[in-house]
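Okay, structure first, notes after.
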Amino acid sequence: MEIKVIEPIKNYLKEFNSPVEFNLWYAKNKDEVDKLTTHKLNKMYHIMGYRITKIRGELMLKEDIESQHSKLSIDELKNDLQHKTLSLESEMEKIKETINKLINFINSNYGIIDVSPPSTTWTTK
């Protein structure tokens with residue numbers, strides 16, 4: 001006996017732009033579709049913004065909130081990343097200014113201080 005290798009479904013067989021469009025197609029193909037699991041149906045067919053589900057044996061469409069969020073979140077993530085980058089750049093500038101003010105304060109009150117390099121005999125544990 002030889003085991004069959006099943007390839008994953010990579011592309012939808014058919015895509016629908018609305019539930020109405022899917023309903024028209026479903027009415028013509030009801031017998032074939034009702035034999036399949038919802039998992040397989042969702043792999044084979046795509047309805048924009050919806051997932052196919054069965055409740056008490058009846059085929060229904062459920063809003064696919066996750067796919068809507070993932071599409072929106074890409075743009076939101078880009079905007080958020082840009083905002084955070086600008087914020088970090090601004091914070092870095094403030095830190096540089098503060099460090100320069102500290103250096104100027106120390107130099108004006110104590111003169112230029114020579115800092116010796118760390119000892120080569122000192123190690124951290």
Side-chain angles (χ1 to χ4, degrees):
M1 181 174 178
E2 191 173 317
I3 296 176
K4 294 180 182 178
V5 176
I6 300 173
E7 295 294 322
I9 300 169
K10 295 179 181 174
N11 297 320
Y12 298 115
L13 293 178
K14 190 155 181 69
E15 293 190 56
F16 304 93
N17 293 320
S18 69
V20 173
E21 190 179 326
F22 177 76
N23 278 332
L24 292 172
W25 177 84
Y26 176 62
K28 295 176 185 174
N29 300 286
K30 184 177 180 354
D31 293 335
E32 292 174 33
V33 173
D34 286 343
K35 294 176 187 175
L36 302 173
T37 65
T38 57
H39 180 77
K40 188 164 187 176
L41 288 171
N42 282 305
K43 293 282 186 180
M44 295 169 65
Y45 306 107
H46 181 253
I47 303 102
M48 296 292 284
Y50 293 87
R51 305 249 331 133
I52 301 169
T53 187
K54 282 185 185 178
I55 298 176
R56 296 187 190 125
E58 186 179 346
L59 197 72
M60 298 181 183
L61 296 181
K62 177 181 175 182
E63 273 191 276
D64 189 6
I65 296 169
E66 288 180 18
S67 72
Q68 291 171 354
H69 284 310
S70 66
K71 288 178 185 175
L72 294 175
S73 68
I74 291 172
D75 289 333
E76 290 173 352
L77 287 173
K78 284 181 184 177
N79 289 337
D80 189 43
L81 186 59
Q82 287 175 341
H83 176 73
K84 286 181 179 177
T85 302
L86 291 173
S87 178
L88 286 173
E89 287 174 355
S90 173
E91 288 295 318
M92 285 175 45
E93 285 303 314
K94 289 177 186 175
I95 290 169
K96 286 178 186 179
E97 287 175 19
T98 303
I99 289 172
N100 284 331
K101 286 178 183 177
L102 287 170
I103 290 170
N104 289 334
F105 174 78
I106 291 170
N107 286 340
S108 66
N109 288 327
Y110 301 103
I112 297 175
I113 300 173
D114 290 329
V115 179
S116 59
S119 170
T120 56
T121 58
W122 186 77
T123 59
T124 59
K125 291 183 181 184

Can you tell me which residue pairs pass the salt bridge (charged side-chain N to carboxylate O under 4.0 Å, His left out) test with a partner in residues 22-44, sequence neighbours excluded?
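For residues 22-44, and leaving out neighbouring residues, the salt bridge (charged side-chain N to carboxylate O under 4.0 Å, His left out) pairs sorted by first residue read Lys30-Asp34.
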Can you list every pair that meets salt bridge (charged side-chain N to carboxylate O under 4.0 Å, His left out) and has a residue in residues 49-61, with sequence neighbours left out?
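Found none.
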Under the side-chain contact (heavy atoms from CB on, under 4.5 Å) test, residues paired with Ile99 that sit two or more places apart
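With neighbours one apart ignored, the set is Ile95, Ile103.
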Would you mind writing out the side-chain donor-acceptor pairs for residues 81-90 within the sub-3.5 Å range, not counting sequence neighbours?
residue, atom, partner, partner atom, Å
Lys84, NZ, Asp80, OD2, 3.3
Thr85, OG1, Leu81, O, 2.8

Please, which pairs that meet side-chain hydrogen bond (donor to acceptor under 3.5 Å, both in side chains) have at least one residue in residues 92-103, sequence neighbours excluded?
none
Is any side-chain heavy atom of Tyr50 less than 4.5 Å from a side-chain heavy atom of Lys62?
no
Any heavy-atom pair between the side chains of Thr53 and Leu61 that's under 4.5 Å?
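No. Closest side-chain heavy atoms not under 4.5 Å.
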Determine whether more than 12 heavy atoms belonging to other residues, nucleotides or ligands lie under 6.0 Å from atom CG of Asn11.
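Counting neighbours around CG of Asn11, 12 or fewer heavy atoms of other residues, nucleotides or ligands fall under 6.0 Å, so no.
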List for me each residue that meets ring pair (Phe, Tyr, Trp, His ring centres under 6.0 Å) alongside Phe16, sequence neighbours excluded, and say none if there are none.
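Applying ring pair (Phe, Tyr, Trp, His ring centres under 6.0 Å) to Phe16 gives Phe22, Trp25.
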For the student: nearest non-hydrogen atoms of Tyr12 and Asn42, plus distance
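Heavy atoms only, the tightest pair is CE2-O, 3.5 Å.
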Taking every heavy atom of Glu15 against every heavy atom of Glu21, the minimum-distance pair comes out as O-OE2, 3.9 Å
Same cluster or not: Val20 versus Ile47, using hydrophobic residues (I, L, V, M, F, W, Y) connected whenever any side-chain heavy atoms lie under 4.5 Å apart?
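Different clusters.
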Taking Leu59 as the starting point, is it possible to reach Leu13 by hopping between hydrophobic residues whose side chains are less than 4.5 Å apart?
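Yes, because Leu13 and Leu59 connect within a single hydrophobic cluster, where side-chain heavy atoms sit under 4.5 Å apart.
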To the nearest 0.5 Å, what is the distance between CE on Met44 and OG1 on Thr37?
9.5 Å
